[in-house]
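Here is the structure we will look at.
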Amino acid sequence: CYASSEKKTDYIEIPAYDEVKTDKKKFAEMFKTFYDNTDPITAKGLLQKHDTRYLVQNPPQPNLTTPELDAIYDLDYEREIHPYYKQKGEVRAMETIKYSITSHRGCYGECNFCSLAVHQGTTVVSRSSESIIKEAENISKRVNFKGFITDVGGPTANMYGIECKKKLKDGRCKDRRCIYPEICPKLNVKHLPQLELLRKISAIPGVKKVFIASGLRYDMIINDREFGLEYLEELVKDHVSGQLKIAPEHVTEKVTALMGKTKVGHLRKFREQFDGFNLKHKKNQFLTYYMIAAHPGCELADMKELRSFVRKELKMTPEQIQVFTPTPSTYSTLMYHTGYDPFNGKAIFVEKGLKGKREQKDVIFESAEENKYKGHGIQTGD
Ligand code: SF4
């Protein structure tokens, strides 16, 4: 972005700063135009009047190609902590990333609370399997490598190698999303490239285990009638290190619709399949569930319904309950600010008070007899 006194004619002018700071409808209009202009193939530059000048946002850079992405990851990275920090002691976060491999960039999940669609884009660009295998081979030769590759993934692990031909040519559709509310048939979801990739990495001498630690879209696994079950079975058998992370985020239809998340039916089905393969392979592995409290549109009653669901159906109390935090560039933050559902213009409840947010989180931990879990600190983040 830059400031300019000139009004570029081929750029789209969004409502002026003076308008959006007081008018929430104009704010929503501004956000929609911004969001619709994030695909590098179709995006136009944007202008916004600020006082006497314009704030100018250039269109996004083209997506990297597979050879370009390969070239970046083929560089000779140290995979070590910088000496400046090393002398200060252990950096525990390094252990989870030191031997993990990025297989792709981008995510077409478009969860409304996540800004990834804006900063990495909704087009998945995958590395070639040759480049990933070369990286795994290099890792396997490192002196301190114990045989465990801790992750092969990206924003969503199982989007590797799955992208829509139409989007790659003409940009993403303006009038629908790729996997919400249903998975678009043009996406042609097939987990075979990732299956083959995991098999090849696992066969590298010195590699004992390859784990998937990045999140998964279980609705995509269910949608893949050809390879979905095979993929899940191999995942359960060989690539889960005790727990598999999934992110239903909520279960009431009103809230999942505002989040842009899939329906609870997919969660039930996936859990059944996961448990079935665990039993078959005599594994004692679990699913861990990310959930959000106080998302715009979510009321205490929705959290009670979530509590009932996790106790009765999942038979557990989730540990990963986060209170919704408004972050820049997301539809959920737009809802939080305006108090409207931006997709139909209807007013929605938004919990903004700290007490109400804490209640929404704590209600999950409350039992009928006692409130001994009350007072959990608020975790934030999306
Ligand atoms: S055709 Fe379907 S998969 Fe392709 S960009 Fe449009 S919505 Fe996404």
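Quick caveat, the model's predicted, so the values are computed rather than measured. Note that ligands are numbered from 1 as they come in the structure, with each ligand's atoms numbered from 1 the same way.
For the residue pair S131 / D74, a side-chain donor-acceptor distance below 3.5 Å is found, with atom types taken as modelled.
Side-chain rings of Y331 and Y35 approach one another, their centers coming within less than 6.0 Å.
Within the structure, side chain to side chain donor-acceptor pair (under 3.5 Å) contacts touching residues 42-60 (residues at least two apart or in different chains) are Y11-N58, Q48-H50. Every pair passing ring pair (Phe, Tyr, Trp, His ring centres under 6.0 Å) that includes a residue from residues 199-252 is listed here, sequence neighbours excluded: H191-Y231, Y218-F270.
Taking a cut-off of 2.8 Å, the protein N, O or S atoms nearer than that to atom 8 (Fe) of ligand 1 are C178 SG.
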With a 3.5 Å cut-off and sequence neighbours excluded, list the donor-acceptor pairs that the side chains of residues 299-306 form with protein atoms.
residue, atom, partner, partner atom, Å
E299, OE2, K254, NZ, 3.1
D302, OD1, T252, OG1, 3.3
D302, OD2, K254, NZ, 2.9
D302, OD2, E299, N, 2.8

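A salt bridge is absent between R268 and E272: the closest approach of a Lys/Arg side-chain nitrogen to an acidic carboxylate oxygen does not fall below 4.0 angstrom.
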